[in-house]
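All chains are named by letter (A, B, ...) in the order of the sequence lines, taking the proteins before the strands, and each is independently numbered beginning at 1. Everything quoted here is computed from the prediction, not taken from an experiment.
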Amino acid sequence: MYNFKEVETKWRGIWETNNTNEVSCPTKAPEQKKVYVLEMLPYPSGKIHMGHVRNYAIGDVVARFKKSSGYNVLHPMGWDSFGMPAENAAIKHGVHPREWTEGNILAMKNTLLPLGLSYDWKREIATHSKEYYGLEQQIFLDLYQRGLIYRKDAFVNWDPVDNTVLANEQVIDGCGWRSGAPVIKKKIPHWCVRITAYTDELLRNLESLPGWPEKVLLMQENWIGKSEGLEVKFVFHDKTVSRVAAFPDDSVTVFTTRPETLFGASFCAIAPEHPLSSFLAESDQEIAAFIRKCQELPSTESAISIAEKKGYDTGIFVRNPFDSKKLIKLYIANFVLMEYGKGAIFGCPAHDERDFDFATKYELPITTVIQCPPEETLPYVEPIGKMVHSEFLDGLDVLEARKVAIDKAEQLKIGVRKVTYRLRDWTVSRQRYWGCPVPMVHCPQCGTVPLRKEDLPVWLPEDVDFTQVGNPLDKHETWKQTVCPVCGAAAQRETDTLDTFFESSWYFLRYCSPHASEPFDKAEAQYWMPVDIYIGGIEHAVLHLLYARFFSMALSDMQYIDVREPFITLLTQGMVCHTSFQNSQGEWLYPEDVDKLPDGTYVCIETGEQVKAVRAEKMSKSKNNVVDPTAIVDAYGADSLRLFIMSDTPYDKDFYWNTEALDGAWRYLNKMWRLCENIMAQGVFSEEILAQGTAAIISKNDAPDILETTHVYLARIEQSLNQFSFHKAIALHRELTRALENCNFTEVRKDIAAEVFYIWLTAISPVTPHFALEAYEALFKPRSVHDTLLWPQLRPELATEDFVEIAVQVCGKFRGAFTAPVGASDTELQDNAMALENVQKFIVNKKITKVVVVSDKLVNFVVE
RNA sequence: GCCUGCUUGGUGGAAUUGGUAGACACAACAGACUUAAAAUCUGUCGAUUUAUAAUCAUGCCGGUUCGAUUCCGGCAGCAGGUACCA
């Protein structure tokens with residue numbers, strides 16, 4: 001039996017001794033082509049779970065395949081070690097965030113090491129380390145000097161009892177998770193990154209990223225949300241006598257993508273945060289109360305959009321910009337976002353779902369301005385049809401009318417053509433301890449000023465108190481007090497820390513030169529960047545990947561690097577799911593505490609009680625449906641786990657954990673080992689024999705079937721790996737194994753057999769590296785230890801197939817098949833197909849109206 | 001709500017991107033070997049029927065095509081994201 005424990009320990013030892021996974025600096029191998037394989041760095045939550053294992057197994061197969069193919073491969077690993085959970089642990093268990101984080105890193109690394117992942121651990125980074133966040137502050141200052149960071153008021157979730165800022169995750173049903181008090185929105189000053197300065201490039205470059213999944217490109221495009229339209233003024237009716245007399249403006253400016261529907265406008269609505277709302281609230285208690293009510297909603301887009309649409313009639317009228325005689329009611333509405341457009345809208349209920357609901361609720365007029373097809377009911381939202389009830393737009397098509405309306409508004413000087421984006425600037429301030437301190441100082445004389453680079457880094461203080469609520473930095477008096485870098489007077493440090501997306505926006509650059517005294521060495525980054533294959537969860541499709549793209553562009557404009565797009569190929573993996581088990585009390589049980597009965601039902605091992613199996617959810621601690629990789633590695637070995645997790649399911653689909661199939665992977669490994677033992681019983685090969693075999697010129701006619709078969713499979717496995725269809729590569733390898741098992745090697749020339757077995761071993765080596773190397777050593781008895789198997793040279797002339805099976809259809813239905821030489825003529829195929837007995841049955845006495853012949857594939861007779 | 005995906009046997013999935021639906025596995029069943037078990041090997045394995053074959057079948061409804069799991073339109077369910085979880 002294959003002794004995985006001994007074998008895996010041995011090879012990991014060899015890799016470590018040989019520094020196999022360390023990559024040379026580029027100057028030593030300038031000729032060699034590089035590949036940078038990167039998996040998204042994990043948050044050190046405490047345990048490696050199967051989602052991690054899947055991510056790293058994918059990365060490792062790619063990295064090993066590339067290395068085997070002769071590339072210089074950078075494959076690093078590190079830790080995204082700032083973030084909220086460390087503070088939660090500090091609050092809950094009284095442990096310091098650093099201690100908790102570093103303990104977790106150690107534990108997780110200990111789980112990763114036995115998996116045999118080909119990381120260059122000498123390049124390991126942790127973003128909470130002083131080397132990392134100290135340098136990050138330099139980047140922050142550079143961005144600030146370049147005008148890409150500014151101060152801005154923004155809303156936060158505010159717990160009025162604890163007097164603290166809450167993350168969206170900490171708001172449960174609109175209430176603070178600890179105090180239980182209803183959360184309100186509160187405006188506080190923030191540090192903000194001007195990502196919108198790069199909107200155009202972030203959008204435009206999406207077209208030059210063919211290695212990204214289409215869905216991610218679409219998600220990013222929609223997130224940026226470019227829309228063209230009109231910014232148009234709705235002038236107050238009779239401003240002098242109304243309550244807006246003292247308001248500095250004489251109109252409300254609205255952005256619309258549907259300017260052609262202006263004649264159908266039946267109301268205007270402004271955001272509760274709109275300056276006019278605030279102005280009105282000053283002298284109107286009811287309005288102030290309504291605005292406060294709106295601000296009770298959590299600030300997430302989803303909460304706002306599913307909340308009941310509410311409007312407050314201000315009693316103010318505005319004039320329709322195209323027809324000043326038409327007066328329109330002005331509302332304050334909870335669904336209007338201040339961050340988008342001008343924070344004000346006009347509603348055309350006949351042609352917009354939401355406006356229709358609003359108008360119906362508040363009994364506002366509904367005027368059709370686009371001729372609605374008879375089968376449609378209002379609201380009719382398609383931008384197709386002729387304009388009606390719209391004066392100068394009447395009779396025009398919708399899209400044409402849109403242009404005319406914009407031109408007219410510009411001509412009348414009541415509006416301007418405008419491109420608006422959904423993308424907002426990136427708020428990076430966090431009122432928390434466990435993050436990178438913002439290197440700014442508040443001076444009573446000089447205002448808010450940046451530190452000088454020589455004043456950096458600003459370390460986090462170690463002595464912090466988590467027994468009080470709020471940001472510990474804010475309460476740390478000695479840390480807070482400093483001197484102004486400009487005037488030298490007493491001043492206070494900024495106590496906000498940075499969003500952890502800031503760290504993950506440049507870590508891939510740091511890996512290129514993890515020990516440089518600057519954030520990174522330009523020459524090294526020049527060699528390694530961009531990342532060739534980036535692998536991570538689909539949940540990062542928008543935010544992380546957009547921020548990282550922005551960083552590359554900004555850093556390149558600041559001459560740090562020459563790369564504007566950091567990731568060439570992006571693989572988004574699916575989740576790892578597992579059945580969850582719930583007993584009658586609603587408690588979640590661990591999978592190992594549950595037994596499956598022959599009838600397919602599940603019982604609790606301890607109590608014998610029947611438990612409910614809830615299909616397939618993301619593995620999560622709260623549902624106890626996690627499987628511990630260490631236990632699996634102990635019982636089956638790393639190769640089995642790697643093989644199992646790469647088998648069956650394509651990398652981008654959700655993976656359903658299934659312990660029985662893991663047995664299957666383990667059996668396959670043993671089957672391969674048995675095959676090796678059988679061959680060894682017939683005598684081993686040698687590297688000399690192997691060299692002869694691969695050098696010998698064997699024409700297709702002389703090649704034994706097994707050599708042809710092996711090269712056919714090598715070609716297909718190579719292709720599958722290049723397409724990242726790992727599960728197919730493994731299925732193909734199983735087929736090849738069967739072919740080898742069925743071959744009598746006593747009748748095969750030794751050098752040819754050697755070549756066959758070398759290909760067979762190497763083809764699976766990226767997935768099961770320990771096994772492949774051990775088997776190579778056993779079969780070939782090399783003089784010196786090989787720690788990587790070089791990918792075999794494919795002989796295309798042996799991998800071509802001479803015959804193909806031709807399917808025959810009658811009226812598109814399969815009726816038979818026959819074998820034909822590759823490249824047979826259409827007439828030949830048609831005649832052969834016609835001759836098939838089962839085909840005759842269906843065409844006899846029928847008139848053939850058409851014959852479709854697809855070369856090397858199919859013949860289809862169409863009969864009446 | 002909005003954006004983006006996904007849905008194929010008992011189960012995971014395959015189908016060279018419009019051309020034989022179910023490769024390769026898991027589970028199950030039967031057999032061989034064994035005193036027995038484990039391991040291993042062999043076979044069967046979508047449904048229906050009048051069964052050497054035919055019909056139906058890729059979430060549901062409709063369309064394009066000689067031909068649709070694949071393309072188009074609509075619907076349902078599930079999942080990810082929704083800007084302070086990472």
Side-chain angles (χ1 to χ4, degrees), chain A residues 1 40 42-43 45 80 83-85 154 156-157 165-171 213-216 218-223 225 299-307 309 335 339 353-354 422-432 499-501 504 537-544 546-547 572 574-575 577 598 600 615-618 647-650 652-656 658 660-665 667-668 670-671 674 716 719 723 725 727-728 730-735 738 805-817 838 841 849-852 854 857-863:
Chain A
M1 180 127 69
M40 291 182 184
Y43 178 77
S45 55
D80 185 18
M84 208 173 52
V156 290
N157 301 310
V165 178
L166 298 176
N168 287 336
E169 204 185 49
Q170 297 170 318
V171 179
E214 199 66 41
K215 60 179 170 185
V216 176
L218 255 172
M219 280 189 259
Q220 292 223 347
E221 186 183 330
N222 291 333
W223 184 264
S299 57
T300 61
E301 189 195 292
S302 110
I304 293 166
S305 66
I306 57 177
K309 310 282 175 283
F335 59 86
E339 292 87 2
E353 201 84 45
R354 190 188 56 192
R422 213 183 73 96
L423 180 68
R424 305 199 298 261
D425 276 337
W426 172 20
T427 305
V428 292
S429 285
R430 297 292 180 270
Q431 295 70 38
R432 285 198 272 273
D499 177 8
T500 55
F501 277 130
S504 55
I538 183 68
E539 66 270 22
H540 293 294
V542 176
L543 292 180
H544 159 61
L546 198 67
Y547 295 146
T572 53
M575 294 180 306
C577 301
R615 194 188 125 96
E617 292 184 68
K618 183 176 173 176
S647 299
D648 296 348
T649 305
D652 59 342
K653 291 217 183 160
D654 288 349
F655 180 95
Y656 295 94
N658 163 349
E660 287 144 345
L662 175 62
D663 286 333
R667 281 201 296 268
Y668 185 52
N670 280 291
K671 183 200 273 267
R674 268 198 309 278
R716 294 171 70 189
Q719 191 192 14
Q723 292 170 347
S725 296
H727 63 302
K728 279 196 250 174
I730 292 167
L732 290 166
H733 194 265
R734 282 178 182 269
E735 290 182 25
R738 184 178 300 171
E805 203 181 2
I806 306 292
V808 186
Q809 301 177 336
V810 178
C811 287
K813 275 202 195 310
F814 176 74
R815 298 299 178 191
N838 202 40
K841 225 163 74 184
T849 53
K850 190 176 177 180
V851 182
V852 182
V854 182
K857 216 168 239 174
L858 141 147
V859 180
N860 184 14
F861 298 105
V862 184
V863 298

- Task: Round to the nearest Å and state the distance from A:F501 atom CZ to B:G81 atom P.
- Result: 10 Å
- Task: For A:R738 and for A:N838, locate the closest nucleotide of RNA chain B by heavy-atom distance; then report the residue assigned to the nucleotide nearer the 5' terminus.
- Result: A:R738
- Note on the structure: Per the O4'-C1'-N9-C4 / O4'-C1'-N1-C2 angle with a 90° window around 0, B:G9 comes out syn
- Does the side chain of A:L546 reach to within under 4.5 Å of the side chain of A:L423, using non-hydrogen atoms? yes
- Task: Could you give the distance separating B:A68 and B:U50 at their P atoms, to the nearest angstrom?
- Result: 29 Å
- Within the structure shown, what part of the strands sits under 4.0 Å from A:E339 by heavy-atom distance: base, sugar-phosphate, or nothing? nothing
- Would you mind classifying the nucleic acid contact of A:L732 as base, sugar-phosphate or nothing, using non-hydrogen atoms under 4.0 angstrom? nothing
- Query: Would you call A:N860 and A:V854 a side-chain contact if the rule is heavy atoms closer than 4.5 Å?
  - Reply: no
- Query: Base, sugar-phosphate, or nothing for A:T300, non-hydrogen atoms under 4.0 angstrom?
  - Reply: sugar-phosphate
- What distance do A:I730 atom CD1 and A:K728 atom NZ have between them, rounded to the nearest 0.5 Å? 13.0 Å
- Query: If we take the P atom in both B:U42 and B:A47, what is their distance in whole Å?
  - Reply: 24 Å
- Query: Looking at B:C84, does its base get a donor-acceptor pair with the side chain of A:Q431 below 3.5 Å?
  - Reply: yes
- Listed nucleotide nearest any side-chain atom of A:F814, set B:A23, B:U20, B:U82: B:U20
- Item | Pairwise P distance for B:C66 and B:C29, with rounding to whole Å | 49 Å
- Which part of the nucleic acid does A:D663 contact within heavy-atom distance under 4.0 Å: base, sugar-phosphate only, or nothing? nothing
- Query: Could you state the NE2-P distance from A:H540 to B:A86, rounded to the nearest angstrom?
  - Reply: 10 Å
- Is A:W426 touching bases, backbone alone, or none of the nucleic acid, heavy atoms closer than 4.0 Å? nothing
- Query: Rounding to a whole Å, what distance do you find between A:L546:CG and B:U82:C1'?
  - Reply: 13 Å
- Output for pair (A:L166 CG, A:M84 CE), nearest 0.5 Å, gives 9.5 Å
- Query: How close or far is atom C1' of B:G81 from atom CG of A:N168, stated in whole angstroms?
  - Reply: 13 Å
- Query: Which word best sums up how the rings of A:H540 and A:F501 line up, parallel for under 30°, tilted for 30 to 60°, or perpendicular for over 60°?
  - Reply: perpendicular
- Message: Suppose you measure atom P in B:A54 against the same atom in B:C72; what distance do you get, rounded to whole Å?
- Response: 33 Å
- Measure the NE2-OG1 distance between A:H544 and A:T500 for me, rounded to the nearest 0.5 Å. 11.0 Å
- Item | Separation of the P atoms in B:A21 and B:C56, to the nearest angstrom | 12 Å
- Counting any heavy atom closer than 4.0 Å, what does A:S504 reach on the DNA or RNA strands: base, sugar-phosphate only, or nothing? nothing
- Message: Regarding A:V165, tell me which of base, sugar-phosphate or nothing describes its non-hydrogen contacts under 4.0 Å with the strands shown.
- Response: base
- Under the rule syn = chi within 90° of 0, otherwise anti, which is B:U17? syn
- Item | Any A:R422 side-chain nitrogen or oxygen under 4.0 Å from OP1 or OP2 of B:U82 | no
- Query: Rounded to the nearest 0.5 Å, how far does OG of A:S647 lie from NE2 of A:H733?
  - Reply: 11.5 Å
- Closest nucleotide of RNA chain B for A:A817 versus for A:K309: which of these residues is on the 5' side? A:K309
- Query: Taking CE from A:M575 and P from B:G5, how many angstroms apart are they, rounded to a whole number?
  - Reply: 16 Å
- Item | Pairwise P distance, B:A25 and B:C45 [rounded to whole Å] | 16 Å
- Query: Taking atom P of B:U65 as reference, at what distance in whole Å does atom NZ of A:K850 sit?
  - Reply: 10 Å
- Note on the structure: note: A:E301, atom CD; B:U82, atom P; distance rounded to Å ~ 10 Å
- Task: Please determine if a side-chain N or O atom of A:N222 lies less than 4.0 Å away from the OP1 or OP2 oxygen of B:G81.
- Result: no
- Query: Does some side-chain heavy atom of A:V808 sit less than 4.5 Å from a side-chain heavy atom of A:F861?
  - Reply: yes
- Is any side-chain heavy atom of A:D654 less than 4.5 Å from a side-chain heavy atom of A:M575? yes
- Message: Counting C-beta onward and ignoring hydrogens, is there a side-chain heavy-atom pair between A:Q170 and A:N157 closer than 4.5 Å?
- Response: no
- Item | Between B:G63 and B:C2 - C1' atom distance, rounded Å | 28 Å
- Atom-pair distance (CZ on A:R815; P on B:U52), nearest Å: 15 Å
- Ignoring backbone atoms, test whether A:N157 places a side-chain nitrogen or oxygen under 4.0 Å from the OP1 or OP2 oxygen of B:C84. no
Set out, line by line, the N/O atom pairs under 3.5 Å between protein and nucleotides 13-19 of chain B.
unit_1	atom_1	unit_2	atom_2	d
B:G13	O2'	A:D648	O	3.3
B:A14	OP1	A:H727	NE2	2.8
B:A15	OP1	A:K728	NZ	2.1
B:G19	N2	A:Q809	OE1	2.9
B:G19	N2	A:N860	ND2	3.2

- Looking for any heavy atom pair under 4.0 Å, which part of the strands does A:E353 touch: base, sugar-phosphate only, or nothing? nothing
- Query: Is there side-chain contact between A:Q719 and A:L732, with at least one heavy-atom pair below 4.5 Å?
  - Reply: no
When you compare the protein's N or O atoms with those of nucleotides 42-44 of chain B, which come within less than 3.5 Å of each other, and at what distance?
none

- Looking only at heavy atoms, what is the nearest atom pair of A:G537 and A:M40, with distance? N-SD, 3.9 Å
- Query: Within the pair A:R734 and B:C24, is there a side-chain N or O less than 4.0 Å away from OP1 or OP2?
  - Reply: no
- Message: With a cut-off of less than 4.0 Å, is there a side-chain N or O of A:K813 near OP1 or OP2 of B:C56?
- Response: yes
- Item | OP1 or OP2 of B:C26 under 4.0 Å from side-chain N/O of A:R667 | yes
- Message: Just to be sure I understand: a Watson-Crick pair is purine N1 to pyrimidine N3 plus N6-O4 or O6-N4, both under 3.5 Å. Using that and G-U wobbles, which stems of three or more pairs involve RNA chain B?
- Response: B:1-7 with B:76-82, B:10-12 with B:24-26, B:28-32 with B:40-44, B:46-49 with B:53-56, B:59-63 with B:71-75
- Query: Are the side chain of A:R430 and the backbone of A:D499 linked by a donor-acceptor contact shorter than 3.5 Å?
  - Reply: no
- Give the nucleotide from the list B:U4, B:C84, B:C66 with an atom nearest to the side chain of A:L218. B:U4
- Determine the Euclidean distance between corresponding P atoms of B:A83 and B:C78; express it in Å to zero decimal places. 22 Å
- Task: Please work out which of the three classes, parallel, tilted or perpendicular, describes the rings of A:Y547 and A:W426, given edges at 30° and 60°.
- Result: parallel
- Touch check for A:V851, heavy atoms < 4.0 angstrom, all strands: base, sugar-phosphate only, or nothing? nothing
- What one should report as the nearest heavy-atom pair of A:V542 and A:Q220 is O-NE2, 3.6 Å
- I would like to know whether A:I538 and A:M219 meet side chain to side chain contact (heavy atoms under 4.5 Å, CB included); could you show each step before the answer? CA-CA 11 Å; A:I538 183 68; A:M219 280 189 259; 3.8 Å; yes
